[in-house]
Trainee: 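First the structure, which I've put down as structure tokens, then a few questions once you've had a look.
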Amino acid sequence: MKLTDQQLEEFEKTGYVFIPECFSKEEAAVLRAAADDVYALDREEIWHEKTGAPRTAFAAHTYNDAFRLLGAHPRLIEPVEQLLGGRLYMHQYKVNAKAAFEGEVWQWHQDYGTWKRDDDMPEPRAMNISVFLDEVTPVNGPLMIIPGSHKAGVLDAGHDLDTTSYPLWTLDKATVKRLAEEGGIIAPTGPAGSMLVFHCNLVHASPPNISPWDRTIVYLSLCEVSNHIRKFERKEWIAHRDFTPIDALADDCLMELVEKRKTMQAAE
Ligand code: SIN
Ligand code: MN
């Protein structure tokens, strides 16, 4: 799948492209069921909120088949290869639960700020892809982004080790206010299967989810291979060390799991 000239132009200006229903309802349902499977595992890669609700499953593509297939899906590999002009490896892979009533805040930040400071990634030649596994609405803790903020470069940030269960380089209030007054704040919403591609310097955050509806989103961070990280201090399953270029699979690669799920449901 390739982005159109209009989408490329939109990306250049705003730092993101939103593609509602990029994955079918059935494909999204397979991935959503896979999220429940991984959250039920007892593994160090799976982090929880203070309440015990799941927060993030890191590196899920290394221990779950559906997430392995998504990690090499042409609907995300091809547009990102197009945007970065080269082959890609997976820098980070997170399945973020943001569970009904329990999902906690993600403070304002830029992902590349963390990758530069913590992992020594040379350039912001990496991209975030988020795929909605539940419907995302204005009330279930949607991702909020500041359009155009990717042009600000790497902004000063403080290392937040307290307010959430995940250490993050976060931006101060004055910086967020200035950028938001320039670019506004938007929250892409849409059905499960929608996909958001966003620049690794785009400023983003998300509020807690106090609604009764889950908001599961998978975030894949793809980096151009020659721009691989140079510092190996974080866990391998947070900042990956396998820089092998990803070969995109066939567009229907999730369909076998879709069919398997249908057969299982029919037998129930
Ligand atoms: C992130 O910024 O990496 C996650 C935000 C979210 O899940 O809302
Ligand atoms: Mn982020």
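On a predicted model such as this, the values are computed, not experimentally measured, just so you know. Each ligand, and each atom within it, is numbered from 1 in the order the structure gives. Residue numbers count from 1 along this sequence.
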Trainee: State, to 0.1 Å, how close N140 and D214 come at their nearest heavy-atom pair, and which atoms those are.
Mentor: ND2-O, 3.3 Å
Trainee: Between T216 and K98, do the side chains contain an N or O donor and an N or O acceptor separated by less than 3.5 Å?
Mentor: no
Trainee: Answer yes if the side chains of W169 and D118 hold a donor-acceptor pair under 3.5 Å, and no otherwise.
Mentor: yes
Trainee: Let's test this: below 2.8 Å, count the protein N/O/S atoms around the Mn ion (ligand 2).
Mentor: 3
Trainee: Answer yes if the side chains of D111 and H204 hold a donor-acceptor pair under 3.5 Å, and no otherwise.
Mentor: yes
Trainee: What heavy-atom pair brings S130 and I217 nearest, and what distance separates the two atoms?
Mentor: CB-CG2, 3.6 Å
Trainee: Does the side chain of E102 come under 3.5 Å of the side chain of T51 through a donor N or O and an acceptor N or O?
Mentor: yes
Trainee: Would you say ligand 1 has an N or O under 3.5 Å from any N or O of K98?
Mentor: no
Trainee: Distance to 0.1 Å, residue and atom name: give those for the protein heavy atom nearest to atom 6 (C) of ligand 1.
Mentor: Y219 OH, 3.1 Å
Trainee: Less than 6.0 angstrom separating the ring centers of H228 and H240, yes or no?
Mentor: no
Trainee: Of the protein's non-hydrogen atoms, which lies at the shortest distance from atom 4 (C) of ligand 1, and what is that distance?
Mentor: N96 ND2, 3.2 Å
Trainee: Once side-chain contact (heavy atoms from CB on, under 4.5 Å) is applied, do any residues pair with N227, and if so which ones, sequence neighbours excluded?
Mentor: M121, P122, E123, R125, C223, E224
Trainee: What protein heavy atom lies closest to atom 8 (O) of ligand 1? Include the residue and the distance to one decimal.
Mentor: S206 OG, 2.6 Å
Trainee: Number the atoms of ligand 1 from 1 as they appear, then name those within less than 4.0 Å of a heavy atom of R215, with their elements.
Mentor: 6 (C), 7 (O), 8 (O)
Trainee: Can H73 and D251 be said to form a side chain to side chain donor-acceptor pair (under 3.5 Å), step by step?
Mentor: CA-CA 7 Å; H73 203 291; D251 192 73; 4.5 Å; no
Trainee: Give the residue and atom name of whichever protein heavy atom lies nearest to atom 3 (O) of ligand 1, and the separation in Å to one decimal.
Mentor: K94 NZ, 3.2 Å
